[in-house]
2 protein chains.
Amino acid sequence: MKEGPDIAQIGALIGDPARANMLAALTGGRALTATELAGVGGITVQTASTHLAKLEAGGLLTQRKQGRHRYFTLADEAVARLIESMMGFAAGRGHLRHQPGPKEPALRKARICYDHLAGDYGVRMLDSLIASGSIDAVGDGLALTEKGEGDLKRIGINVGDLRSSRRPLCRSCLDWSERRAHLAGSLGKALLSSFLDKGWARRTAESRSILFSPEGDRQFLRLFPVDP
Amino acid sequence: MKEGPDIAQIGALIGDPARANMLAALTGGRALTATELAGVGGITVQTASTHLAKLEAGGLLTQRKQGRHRYFTLADEAVARLIESMMGFAAGRGHLRHQPGPKEPALRKARICYDHLAGDYGVRMLDSLIASGSIDAVGDGLALTEKGEGDLKRIGINVGDLRSSRRPLCRSCLDWSERRAHLAGSLGKALLSSFLDKGWARRTAESRSILFSPEGDRQFLRLFPVDP
DNA sequence: GCGATGCTTCGGTTACGATCGAACTATGAA
DNA sequence: TTCATAGTTCGATCGTAACCGAAGCATCGC
């Protein structure tokens, strides 16, 4: 009874709908202000403020004040992974909130998952990288091959730079909409960044969905084909 | 706001201390009755009953009635993984409940994690299997090698039988006490079963800890050496 | 300096859920 | 049948936490 980590505390932190919505929104990777978060939580700023304080005390959030704003972000990638894994679990049990609204399809097609690409396109990209021999999949682990390193260089991603960070290069992340893995880790981040830099896609204002331009769409599908 | 799976529901389910304790106890893998669970939760049976009903409605638990008892177990392995991952997360944030009681050290040395070995011994076993070339570790994924298949056969584990199940053979599972990976999956289960069958170790009544006999301890350490 | 904006703190209300005693159902034993 | 054990359902109590209005700080633009 008194053994092990206290799972109830963080469960309770995530267990409030307003807080859960805020956390989910922050899984989008960008920092949000208290007022914005109050919006996504459907509550007033006062209430949001107390919620945010609790989340911060619990170690799930960090804040950075900038002028008269306070920007909140998830404390680190581990929090993002926890949230995503809970989403995957909830989706599997049919605990859905979505009356399939207008934004839903876009979200399933391509969205941001902390800092990398998720949704149909995310899964497709990983499948394609594996099929082309750029990434080795062993069990549920992923590893970049030499061929992959060369291929990535050709589209402007220098893997050497990424290796210097302590963060793992490749990591598989379970996609809640597709129920299959997509690519996370510093490489996943670098790939998404490059798409955004190239103008192939852009992030939307308040949602987690990623919008591909017609041109970007073509380029993406050409670069990551799926075998027939 | 209305997009994605409802993470708050399961958060709330886990967020109650009594329920969290029950779930943690069930991570021990064996089925427990409502009264036993009331015990670990520190509540009366009436209260436990309502909690258990909620957990079942939420899809986290299943019950099987046998005579006048009702045996509760985690609904499936996904639930166990979710709980364990939350434990790992909570441990990392220092959300500990343990005033390091008497049972704590035993729990850190060897315990059961749903159906496989965790704790110091679990981590050691995986390390040793990797060092000896029985298991390939790529990224955070694990794969059994041909050599490993042979070695396992020699200690009485027929991998062929395990492959027939849909469940993955090797899976890495983050250990909350060691903060490193141990071996899960059907192979992890088979290994622990064999230790128990051989009488090297036994499960304890109400706790998740695994007790090795002096002889079993010797055999285990001989079989899974760590290089100096 | 002044007002406007972003956010927190305080106080009081409200609602929900955890809790348990008591009564009720079901299975097993004698 | 009767008694005992395991469990659920009901009803009532109680505590806590979510919530918002109002007031209080802090920072910016002017």
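Worth saying up front: this structure is predicted, and the values here are computed from it rather than measured. So that the names make sense, note that chain A is the first sequence line, chain B the second, and so on, each numbered from 1.
- Using a cutoff of 4.0 Å between basic side-chain nitrogens and carboxylate oxygens, Asp175(B) and Arg108(B) are not scored as salt-bridged.
- Using cut-offs of 30° and 60° for the angle between ring planes, the Phe195(A) and Phe224(A) rings count as perpendicular.
- Residue Ile14(A) contributes atom CD1, which lies 14 Å from atom P of dA18(D) at whole-angstrom precision.
- Summary of the strand contacts: Thr44(A) and Leu52(B) both lie near DNA chain D, and taking for each the nucleotide with the nearest heavy atom, the more 5' one is attributed to Leu52(B).
- Looking at the side chain of Asp16(B), the nearest of the listed nucleotides dC19(D), dT19(C), dT9(C) is dT19(C).
- Gln46(B) has its CD atom 15 Å from the P atom of dC24(C), to the nearest Å.
- Relative to the side chain of Ala18(B), the nucleotides dT8(C), dT19(C), dT9(D) differ in distance, and dT19(C) lies closest.
- Checking each of Arg208(A), Arg30(A), Arg167(A), Arg203(A) against Asp115(A) for a salt bridge (Lys or Arg N to Asp or Glu O under 4.0 Å) leaves exactly one that passes, namely Arg167(A).
- One interatomic measurement links the two molecules: NE2 of His51(B) to C1' of dT8(D), which rounds to 14 Å at whole-angstrom precision.
- Applying the 4.0 Å criterion to OP1 and OP2 of dT19(C), one finds that Thr47(B) has every side-chain N and O outside that range.
- If you take CZ of Arg68(B) and C1' of dA29(C), they are 7 Å apart, rounded to a whole angstrom.
- Side-chain nitrogen and oxygen atoms of Arg70(B) include none within less than 4.0 Å of the OP1 or OP2 phosphate oxygen of dA26(C).
- The side chain of Lys54(A) contributes an N or O atom lying less than 4.0 Å from OP1 or OP2 of dA18(D).
- A cation-pi arrangement is absent between Arg93(A) and Trp176(A), since the terminal nitrogen or guanidinium carbon is not both under 6.0 Å from the aromatic centre and inside a 45° cone about the axis.
- In this structure, CG of Leu55(A) is placed 12 Å from P of dT8(C), rounded to the nearest angstrom.
- Distance Leu37(A) CG to dT8(C) C1': 15 Å, rounded to the nearest Å.
- For the pair Thr50(A) and His69(A), both in contact range of DNA chain C, the more 5′-proximal nearest nucleotide belongs to His69(A).
- Electrostatic pairing of Glu84(B) and Arg81(B) does not count as a salt bridge here, judged by no charged N lying under 4.0 Å from a carboxylate O.
- Rounded to whole Å, the distance from CD on Gln63(B) to C1' on dA6(D) is 12 Å.
- For the pair Lys65(A) and dT27(D), the criterion of a side-chain N or O lying under 4.0 Å from OP1 or OP2 is met.
- One can place CG of Asn21(B) at 14 Å from P of dA18(C), the figure rounded to the nearest angstrom.
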